[in-house]
Amino acid sequence: MQIQIDQISKRYSKKACALHEVSLNIGPGLCGLIGRNGAGKTTLMRIIAGIMEATAGTVYFDGQTMKSSAMRKHLQEKIGYLPQDFGFYPNLTVKETMDYIALLHGLSGKKKRTRIQDSLEKVHLNKQADKKVRELSGGMKRRLGIAQAIIHEPEILIVDEPTTGVDPEERISIRNLLTEYAGQRIVILSTHIIEDIAQSCQQVAVLDQGKLKYQGDIGSMIRAVSGVVWECSLPLTADYKNMLHEYTLVSNHYMEDGIRLRVLGEKAPITGSVQAAPTAEDAYIWMIGGLAK
Ligand SMILES: Nc1ncnc2c1ncn2[C@@H]1O[C@H](COP(=O)(O)OP(=O)(O)OP(=O)(O)O)[C@@H](O)[C@H]1O
């Protein structure tokens with residue numbers, strides 16, 4: 001399966017343009033959609049999932065579109081979606097929740113039981129099957145959200161910020177299970193945590209203020225900013241914030257003999273600055289035009 005996003009724009013009102021002519025190709029594997037709050041990630045995911053109409057542009061799934069209702073139904077069966085704020089019934093157990101979702105997908109009998117078991121195994125929740133949803137941790141709820149999204153074995157899985165607010169161990173676990181699910185399928189994951197993308201995604205798309213700033217692999221994204229990352233040292237008393245107002249400060253470490261800074265900029269910030277090897281975080285910050293002021 002290949003998803004081709006062609007010139008997608010979304011306007012919520014005259015003033016609020018959430019997406020501006022976004023074009024993007026997504027193939028099998030894990031694709032990370034990254035951008036700061038309000039960049040347009042949720043809007044784009046909802047449009048791909050077919051639960052929101054674009055104002056302009058088309059999404060093609062192997063050349064097919066959701067323009068007719070029959071085609072929409074057909075394509076939506078190939079898609080699993082986990083929204084950011086998935087609402088569970090707290091008093092249902094994990095198994096009852098899955099049972100309910102399975103019914104919505106028209107599953108019954110042995111097939112339903114097998115799919116529920118398989119999905120819970122994939123997200124490592126089979127031991128919690130009889131626990132009530134309200135007793136689950138935040139990370140477990142996210143994993144249950146993923147289980148409900150994959151119960152119909154979709155070719156495309158779309159998950160909106162699955163790692164936000166969970167502890168580091170859960171983040172790694174969620175990343176790993178999404179990678180395992182991907183295989184030859186497409187998994188699109190949105191995040192504002194660059195590490196999630198750098199550690200697991202073959203493809204990355206950077207959105208900023210509704211515009212696509214980058215699409216490609218993470219290695220090329222990092223290479224694209226070589227030459228703009230600088231390290232320099234200043235005396236402890238230096239007013240470095242004023243000296244570097246044309247630069248983006250990535251980090252500042254106070255050492256015994258001075259302040260060690262890492263900054264992004266076209267030119268060396270001060271005499272004695274040395275170029276540093278860029279990281280995924282440097283590349284992302286540079287591509288979105290620096291940190292929010
Ligand atoms: N229903 C709506 N009506 C009006 N404006 C909206 C609506 N939904 C989103 N927006 C605006 O569209 C822009 C993109 O929002 P979106 O939720 O897609 O961004 P996001 O990247 O997912 O952000 P976050 O990381 O905070 O979830 C924002 O400026 C937001 O305020």
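Computed from heavy atoms alone, side chains included, the values below leave out hydrogens, waters and symmetry copies. Since the structure is predicted, the reported quantities are computational estimates derived from the model, not experimental observations. Indexing begins at 1, ligand by ligand and atom by atom, following the structure's order.
- Shown here for Glu21 and Ser9, the closest heavy-atom pair between the two residues is N-OG, 2.9 Å.
- Summary of contacts: the protein heavy atom closest to atom 30 (C) of ligand 1 is Gly38 CA, 4.9 Å.
- Using a 4.0 Å cut-off between charged side-chain N and carboxylate O, Lys95 and Asp130 make no salt bridge.
- Considering only heavy atoms from C-beta on, Gln209 stays 4.5 Å or farther from His20 through its side chain.
- In terms of polar-atom proximity, Ala39 is counted as a contact of ligand 1, with an N or O under 3.5 Å from an N or O of the ligand.
- Ligand 1 lies nowhere less than 4.0 angstrom from a heavy atom belonging to Lys10.
- By the 4.0 Å heavy-atom criterion, Gly35 is excluded from the residues contacting ligand 1.
- Salt-bridge check for Arg46 with Asp160: failed, with every basic side-chain N at 4.0 Å or more from each acidic carboxylate O.
- For atom 27 (O) of ligand 1, the closest heavy atom belonging to the protein is Gln84 OE1, 3.3 Å.
- Remark: Glu153 does not engage Lys111 in a salt bridge, criterion side-chain N to carboxylate O under 4.0 Å.
- Close approach of ligand 1 to Lys41 is summarised as follows: ligand atoms under 4.0 Å from at least one heavy atom of the residue are 18 (O), 19 (O), 20 (P), 21 (O), 22 (O), 23 (O), 25 (O).
- Residue-level proximity to ligand 1 for Arg36 is carried by the backbone, the only part with a heavy atom below 4.0 angstrom.
- In this pair, His152 and His105 present their aromatic rings parallel. The plane angle is below 30°, not in the 30 to 60° band.
- Of all protein heavy atoms, the one closest to atom 15 (O) of ligand 1 is Thr43 OG1, 3.9 Å.
- Ligand 1 is never approached by Met45 to a heavy-atom distance shorter than 4.0 Å.
- There is a protein heavy atom less than 4.0 angstrom from atom 1 (N) of ligand 1.
- Under 4.0 Å is where a charged nitrogen must lie from a carboxylate oxygen, and between Lys41 and Glu161 at least one such pair does.
- Distances below 4.0 Å separate heavy atoms of Ala18 from the following atoms of ligand 1: 12 (O), 13 (C), 14 (C).
- Between Thr42 and ligand 1, at least one pair of N/O atoms sits closer than 3.5 Å.
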Subject >> Stepwise side chain to side chain donor-acceptor pair (under 3.5 Å) test for Thr279 and Asp282 >> reply: CA-CA 5 Å; Thr279 63; Asp282 298 326; 3.1 Å; yes
